[in-house]
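Encoded as structure tokens, the structure appears first; notes follow it.
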Amino acid sequence: MFTGIIEEVGHVKALHRGAKSFTLAVEADVVVQDAQVGDSIATNGVCLTVTSLSEHGFTADVMPETVERTALGQLKPGSPVNLERALSLQTRLGGHIVSGHIDGTGRIASRRQDDTALWLTVACDSKLLRYIVEKGSVALQGVSLTVARVDERSFSVSLIPHTQGATTLHSVRVGDLVNIENDIISKYVEKLLGKTPDDNIMDKLRNNGFL
């Protein structure tokens, strides 16, 4: 589990591609300080298992399922990546509960500067958008963010200067593919209530004693 609070921005050192998968080598300093082989490191929001370590980096295998569901396949040597170690019992949960299991991808539809804030609008499939609510949480490229606005085909977030400087999100451009992880709580609630796309969620909540 992760918090969505990025610890450092690393860089892709190399990619060794197979038919459908690849091995990723990442240059990093902070996240490898106490890491061991087998540990999890979120890379642009994707939970990857460390397969080897050095003083200044790690490697991980990226399987076909991950390539299909995420934007990691677009990485190339030199690409910056957001990195976060798995949380410990001593970690402050400054963001929200993030599993590192990407639900899908979206594309940057627009970006604009509003004084010190950077607004990003992300267009995505309705299957992802249904779990995104105004003032709720979403992880974008592994970064825990508060949803500022939602419409029929997209959602918007507003980045404070610290987030702009501490992550790769300041450099995304219109058309870029980004990883999206929805708030896990909404998915569990839907599953427990047996909700289908045609169900009325308010009726379900009332019938199960939540309202």
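If you're wondering where the values come from, they're calculated on a predicted model, not measured in any experiment. Atom set for the values below is all heavy atoms of this structure, side chains included, hydrogens, waters and symmetry mates excluded.
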When you measure from the side chain of [X] to the backbone N and O of [Y], does any donor-acceptor pair fall under 3.5 Å?
X	Y	value
Arg111	Arg173	no
Asp115	Ala117	no
Ser54	Gly57	yes
Gln141	Asn179	yes
Glu27	Lys13	no

>> Surrounding CZ of Arg69 (heavy atoms of other residues, nucleotides or ligands, distance under 6.0 Å), is the total greater than 12?
In response: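 It does not: Arg69 CZ has 12 such atoms or fewer within range.
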> Can you tell me if NZ on Lys187 sees more than 12 non-hydrogen neighbours from other groups inside 6.0 Å?
Replying inline: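 Yes - once you tally the heavy atoms of other residues, nucleotides and ligands closer than 6.0 Å, there are more than 12.
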Group every Ile, Leu, Val, Met, Phe, Trp and Tyr by side-chain heavy-atom contacts under 4.5 Å, then state whether [X] and [Y] land in the same group.
X	Y	result
Leu87	Leu145	no
Val189	Ile184	yes
Phe22	Leu75	yes
Ile102	Leu128	no

Minimum heavy-atom distance between [X] and [Y], given as atom pair plus value:
X	Y	answer
Leu140	Val157	CD2-CG2, 4.4 Å
Ser154	Thr121	OG-CG2, 3.5 Å
Glu8	Ala28	OE2-CB, 3.4 Å
Pro64	Ser21	CD-CB, 3.8 Å
His170	Leu118	CA-CD2, 4.1 Å
Val98	Gly4	CG2-N, 3.9 Å

> Can you tell if the side chain of Gln164 reaches within under 4.5 Å of the side chain of Leu169, non-hydrogen atoms only?
Replying inline: no
> Would a 4.5 Å heavy-atom cut-off, applied to side chains only, mark Thr116 and Ile160 as touching?
Replying inline: no
>> Salt bridge check, Glu190 against Arg130: does any charged N sit closer than 4.0 Å to a carboxylate O?
In response: yes
>> For Glu7, is there an ion pair with Arg85 - N to carboxylate O distance below 4.0 angstrom?
In response: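 Salt bridge present between Arg85 and Glu7.
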Enumerate, atom names and distances included, each donor-acceptor pair closer than 3.5 Å involving a side-chain atom of residues 38-52, sequence neighbours excluded.
residue, atom, partner, partner atom, Å
Asp39, OD2, Gln36, N, 2.8
Asn44, OD1, Asn82, N, 2.9
Thr51, OG1, Thr59, O, 3.1
Thr51, OG1, Thr59, OG1, 2.8
Ser52, OG, Thr59, OG1, 2.5

